[in-house]
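What follows is one structure encoded as structure tokens, with my remarks underneath.
The sequence lines fix the lettering, A, B, ..., with proteins before strands; numbering per chain opens at 1. Worth saying up front: this structure is predicted, and the values here are computed from it rather than measured.
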Number of protein chains: 2
Amino acid sequence: MGIQERKEREKEDMRRLILEAARKLFLEQGYEKTSIRNIADAIEYSPGTIYLYYKDKNELLFALHEEAFLKMMQQLITVTHISDPFERLIEMGHQYIKYAIENPELYDLMFIMQAPMETLACRDEIWEDGLKSFGLLKLVIEDCVKAGYFKETNIEIMAMTIWAYMHGLVTIYLKNRMSMFKDDQQLERIQESFQLFIKMIKTSL
Amino acid sequence: MGIQERKEREKEDMRRLILEAARKLFLEQGYEKTSIRNIADAIEYSPGTIYLYYKDKNELLFALHEEAFLKMMQQLITVTHISDPFERLIEMGHQYIKYAIENPELYDLMFIMQAPMETLACRDEIWEDGLKSFGLLKLVIEDCVKAGYFKETNIEIMAMTIWAYMHGLVTIYLKNRMSMFKDDQQLERIQESFQLFIKMIKTSL
DNA sequence: CTTGCACACTGAACAGTGTTCATTATATTT
DNA sequence: AAATATAATGAACACTGTTCAGTGTGCAAG
């Protein structure tokens with residue numbers, strides 16, 4: 001019975017086809033401005049077909065949610081070759097900023113949008129993604145503690161504090177709330193602030 | 001000609017009537033889920049009427065944007081009686097967190113939503129509100145520098161860094177991204193992180 | 001006191017949205 | 001070849017923000 005297997009393969013193909021079109025449109029013109037009909041047009045199927053493969057628009061969002069975390073993890077993991085844990089932490093920060101700025105729509109989806117949280121609050125997988133990347137941060141911080149960089153011991157709260165700062169920094173920029181600085185100076189200010197923050201955690205954590 | 005004056009008064013009354021209904025609904029059920037027809041129903045007018053007083057839905061948002069900043073400023077300003085500048089800075093932080101948590105929809109409007117930024121990017125008034133509150137933070141920091149609390153001199157970057165942290169902290173909470181902590185522990189963790197951050201700026205700014 | 005005008009208001013209409021479902025077309029099984 | 005199971009359709013539903021020709025009322029001038 002190779003037919004069933006082929007059918008399942010076709011079903012998977014279709015899911016991918018839809019998701020790829022959705023991703024393309026979401027990232028190009030934003031989530032809100034992309035309609036199911038837009039996606040259907042892109043893949044030359046009728047709107048109703050999409051609902052045979054995804055429960056609703058939020059489920060499409062959720063599929064990208066996973067992808068987005070995977071992509072960020074892959075980028076953050078590139079720092080593992082740096083032996084000094086504090087240097088590694090700094091570079092992780094740089095990569096975090098880079099990821100956020102280069103993937104504003106994905107970042108929004110991961111950390112700001114309500115939609116994937118509401119509908120999928122029941123499913124544990126959502127938290128899993130977030131927890132894994134938070135765990136990555138905690139690991140590096142733990143290494144810093146072990147190497148004697150930090151005197152502080154509450155790793156959970158240290159991670160929370162560092163993440164809060166990083167998240168605030170990029171969010172202010174992404175959501176266009178840095179108007180107190182000229183457009184061409186904004187990225188510079190982000191780097192200056194980040195340098196100051198590094199100094200802060202170096203001398204007082 | 002008292003008639004013209006009366007008519008203008010009536011026009012103002014109508015604008016207020018609409019805005020108050022809009023605010024009520026926006027804060028109750030969120031901006032996205034409130035339709036013009038909902039607002040029209042609430043004040044017992046037809047949908048078209050609203051457009052005689054406000055250009056579009058975003059203009060309603062903008063009117064609340066101003067209100068929201070005013071409200072926050074009033075709350076932040078209550079700390080001026082504290083003579084010690086560092087204590088004042090800490091209390092300002094507490095008030096900032098309090099405001100964000102107690103007015104999540106307004107906070108969203110002020111610092112996260114794109115809508116009021118896009119349509120009103122031309123108008124200088126938007127920045128004005130934000131700049132004024134950012135100025136308030138800078139003033140307190142300046143006082144801290146003068147009082148010898150901080151060795152750092154770049155007030156702009158210090159303010160940016162502190163705000164980024166505060167904003168990140170409350171945003172993570174408001175947007176339900178603190179699932180690594182149990183629901184009833186989240187506010188506690190916020191306070192713990194804030195205490196750590198205070199320690200950080202005290203010993204290293 | 002009547003006529004004419006200005007203006008507030010209406011609500012149907014337009015183009016769009018997410019989603020559902022009876023119907024149709026296709027492919028598989030009997 | 002007939003019966004059945006599955007996939008795809010697209011019209012329909014209940015919404016959305018926004019516009020605009022038409023209506024009715026209150027004011028001003030004749």
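- A:E32 has its CD atom 15 Å from the P atom of D:dT16, to the nearest Å.
- Comparing B:K11 and B:R37 by the nucleotide of DNA chain C whose heavy atom lies nearest to each, the residue mapping closer to the 5' end is B:K11.
- Residues A:Y107 and A:H167 place their aromatic rings such that the two centres sit under 6.0 Å apart.
- Among B:Y99, B:W163, B:F134, the single residue meeting the ring pair (Phe, Tyr, Trp, His ring centres under 6.0 Å) criterion with B:F111 is B:W163.
- The separation between B:N58 atom CG and D:dT16 atom C1' is 14 Å, rounded to whole Å.
- No engagement by A:Y54 is indicated, since no non-hydrogen atom pair under 4.0 Å with the nucleic acid exists.
- B:K57 places its NZ atom 4 Å from the P atom of D:dG17, with the value rounded to the nearest Å.
- If you take CD1 of B:I18 and C1' of C:dT10, they are 14 Å apart, rounded to a whole angstrom.
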Trace of the side-chain hydrogen bond (donor to acceptor under 3.5 Å, both in side chains) decision for B:E91 with B:Q95: CA-CA 6 Å; B:E91 185 55 25; B:Q95 290 301 322; 3.0 Å; yes

Working for salt bridge (charged side-chain N to carboxylate O under 4.0 Å, His left out), residues A:E152 and B:K199: CA-CA 11 Å; A:E152 207 67 43; B:K199 212 196 285 183; 3.6 Å; yes

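- With respect to the salt-bridge test (charged N to carboxylate O, under 4.0 angstrom), the residues A:E28 and A:K24 qualify.
- Between A:N38 atom CG and C:dT19 atom P there is a gap of 14 Å when expressed in whole angstrom units.
- Distance CD (B:E10) to C1' (D:dC27): 12 Å, rounded to an integer number of Å.
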A:D84/A:Y149 under side-chain hydrogen bond (donor to acceptor under 3.5 Å, both in side chains): CA gap, chis, key distance, verdict: CA-CA 10 Å; A:D84 182 69; A:Y149 277 105; 2.5 Å; yes

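- If you take CG of B:L25 and P of D:dT16, they are 12 Å apart, rounded to a whole angstrom.
- Side-chain proximity of B:S35 to the nucleotides D:dT16, C:dG18, C:dA8 is greatest for D:dT16.
- The CZ-P distance, from B:R15 to C:dC9, rounds to 13 Å in whole Å.
- Ring geometry, A:F69 versus A:H65: the interplanar angle falls from 30° to 60°, so the pair is classed tilted.
- Heavy-atom distances under 4.0 Å link DNA chain C to B:Y45, B:S46, B:G48, B:T49, B:L52 of residues 41-52 of chain B, given in residue order.
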